[in-house]
Amino acid sequence: MEIQTETLKEPPDAGKKKVIVDLVKVNKFYGLNHVVKNLNLSIYEKEFLSILGPSGCGKTTILRLIAGFEQATSGEIFVEGQNIKEKEPFQRNVNTVFQSYALFPHMTVYDNIAYGLKMKKVPKDEIRKRVAKAITMVRLEGFDLRYPVQLSGGQKQRVAIARAIINNPRVLLLDEPLGALDMKLRKQMQIELKSLQAYLGITFVYVTHDQEEALTMSDRIAVMNAGILDQCDKPEEIYDRPATRFIADFIGETNLFECVAELEKDGIAYLYCEAGDLLGKSEGYDPNEIVYVSVRPEKMKCSPAAVDGFSLGGIVRENIYLGNIIKTIINLTNGQAIKINTPVGAKIPQAGSVQYVYWDIKDAVMIYTPSVNKIIEQLSATNIPIGQTRV
Amino acid sequence: MRNHLLKKSTRQKFLSRAFCALIFIFLYAPIAVVILFSFNVSRRNILFEGFTFSWYKEMFSNGPLLESFANTLIVAASSTSLAVVIGVLAAVAMFRYKFKGKGFIDAMLYVPVVIPEIVLGISLLASFAIASIPLGRITLIIAHTTFSIPFVVFTVRARLAGYDKSVEEAAMDLGANRLQVLTGITIPIILPGIIAGAVLAFTLSIDDFIISFFTTGSKSITFPLKIMESVRSGIRPDAYALSSIIMLVTFIVVVVSQLIAYRTSKKEKL
């Protein structure tokens with residue numbers, strides 16, 4: 001596990017990253033519905049980029065804009081440096097794996113996979129060789145003559161992937177390709193997809209609403225929220241240093257405190273929230289500014305007596321055994337439920353006892369929420385219409 | 001008690017079978033009579049007096065009868081082809097696009113189906129008169145196409161109901177242009193619907209009398225019109241012979257189309 005995270009830290013060819021897909025100030029409206037808001041996103045060659053967000057956040061629309069099924073209302077999209085605005089989907093060197101697989105029901109597995117090459121008028125002998133190779137790659141040997149209805153969900157998925165990669169696209173777009181599979185198969189396919197991407201050395205743009213999937217597979221994750229790109233960074237950056245309150249809440253489990261800054265001294269921010277006082281990292285807050293503090297359950301601690309700077313008392317509601325960890329739920333005085341994960345074997349507080357929660361200051365993730373005055377300042381400086389920003 | 005129930009159920013079984021048999025007799029006896037009498041020696045169709053093929057021979061030397069039959073086939077084939085082309089395009093367009101007046105067009109499609117044929121016949125006749133198109137084979141084909149289009153649209157649309165649009169996007173994504181998507185993906189997938197619509201249109205056209213009566217000229221007589229004409233002087237058995245052949249042709253068309261539909265559905269459902 002340690003080794004894997006180490007290798008993930010540096011995307012392949014980190015030194016000479018080349019942009020392959022570039023979205024510049026892209027906006028998309030469906031009628032009055034603003035689904036993609038002023039999106040700037042550069043996707044690098046050979047990287048595995050996930051676009052992550054809840055349903056309706058505009059992530060699939062971004063994929064359809066790159067594939068050419070939708071036209072951007074404004075903004076430009078470049079693939080390999082070329083503006084693709086005027087290009088039809090069949091003229092773009094990108095291929096898509098659809099959520100519903102979209103296999104051709106009247107064709108065999110072989111004909112499905114060969115379709116792209118046939119359209120490109122590749123000689124028959126070469127088609128046969130390349131289809132055979134693709135079938136081996138996705139481990140569907142012996143299924144050539146079956147029709148899609150004779151395949152299981154996982155097999156259909158493999159056909160859809162083979163059908164797309166056989167065309168040697170520079171970029172492969174995947175729209176929640178594992179959404180319809182059961183848990184176990186999904187885990188298996190995640191690993192297969194990841195190794196396939198490494199083997200082929202092509203860019204994967206992977207749309208998903210499953211944060212765990214995004215965290216395990218991606219070189220970088222672009223987190224979308226209501227049409228806005230909140231953050232685009234390496235998985236561990238997204239997890240450890242979420243840029244917005246939304247991401248802190250959306251990615252993984254966390255304890256989120258809405259606080260007011262009181263004062264800062266020696267790199268420590270003194271804050272208070274509804275349930276009591278707490279400490280965080282100093283980031284130059286003005287007094288009375290609203291700050292969100294996020295603390296992961298595994299970083300959260302508790303003791304029977306209040307620790308200096310903290311006064312978040314509560315009653316232990318229950319201890320839940322989860323195999324390798326025990327999850328303790330503590331209800332604070334304002335009703336907020338705090339989650340603490342403790343490894344099995346470590347000391348855990350007794351249910352019903354009074355406990356005070358606290359954390360190491362370095363484990364507190366500070367999420368800065370600009371005050372209204374600052375937002376107005378920013379807006380007047382950048383000239384962005386108010387409809388396109390979110391507080 | 002149990003025995004009693006059992007007894008009753010065997011009686012019910014007998015009754016239901018008898019009822020079923022009656023329905024089949026009611027449906028098929030007249031047809032059987034036509035086929036039988038096409039082999040009858042007697043010219044008057046009251047008694048079966050002996051077996052002969054002579055009416056079939058005579059039929060092939062009956063110029064006007066054969067001519068009317070050929071005309072019927074030409075009209076049916078042309079109007080079916082036209083209705084299929086127009087109907088398929090209409091169904092696909094109405095499935096794929098949203099446009100103003102779609103609901104109105106949708107409702108209007110039912111009109112030729114539900115209004116009495118005689119009204120449709122008269123209105124077509126009036127239209128041709130206003131447009132001063134001389135009545136003949138052309139007007140007949142136009143008229144038959146008119147009442148066939150809705151049937152093609154309905155059957156194709158039923159097929160499209162379960163159609164996944166992303167299949168077309170996938171084809172385009174793989175390099176197919178719009179025409180290739182239509183011919184290679186959309187049409188093969190909706191083919192069973194197209195065939196069903198074509199068979200309906202073809203059979204409706206072959207046996208149409210009322211609309212044909214209003215919309216054709218004296219030089220373009222169809223088979224049903226010819227039969228009707230000869231009824232006054234008494235139907236000769238060679239008309240029976242031709243009817244039997246038409247039945248055979250229709251039967252073959254239906255069987256073949258069912259086979260194609262079966263093969264496609266087997267591919268999809270197995």
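Throughout, a chain's letter reflects where its sequence line sits, starting with A, and its residues are numbered from 1.
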(Q) Is it true that, when you exclude Tyr28(B) itself, more than 12 heavy atoms of the residues, nucleotides or ligands shown sit nearer than 6.0 Å to its OH? (A) no

**Q.** Per-residue contact mode, Leu117(A) against chain B (heavy atom under 4.5 angstrom)
**A.** neither

**Q.** Contact winner vs chain B - Glu88(A), Gln99(A), Gln91(A), Arg92(A), heavy-atom pairs under 4.5 Å
**A.** Glu88(A)

**Q.** Asn95(A), part contacting chain B, at a heavy-atom distance under 4.5 Å
**A.** both

Q. Under 4.0 Å between a Lys/Arg side-chain N and an Asp/Glu carboxylate O for Glu126(A) and Arg130(A)?
A. yes

Q. Which answer fits Asp173(B), side chain, backbone, both or neither, if we ask what part of it has an atom under 4.5 Å from a heavy atom of chain A?
A. both

Q | Note, Val26(A) side chain near Glu76(A) side chain (heavy atom, < 4.5 Å) | A | no

Q.
Would you say the ring centers of Phe143(A) and Tyr110(A) fall short of 6.0 Å from each other?
A. no

Q | Region of Arg163(A) in contact with chain B, defined by heavy-atom distances below 4.5 Å | A | both

(Q) I'd like to know which of Ala67(A), Gly68(A), Ser100(A) tops the heavy-atom pair count under 4.5 Å against chain B. (A) Ser100(A)

Q. Which atom pair, heavy atoms only, marks the closest approach of Pro177(A) to Val97(A)?
A. CB-CG1, 4.1 Å

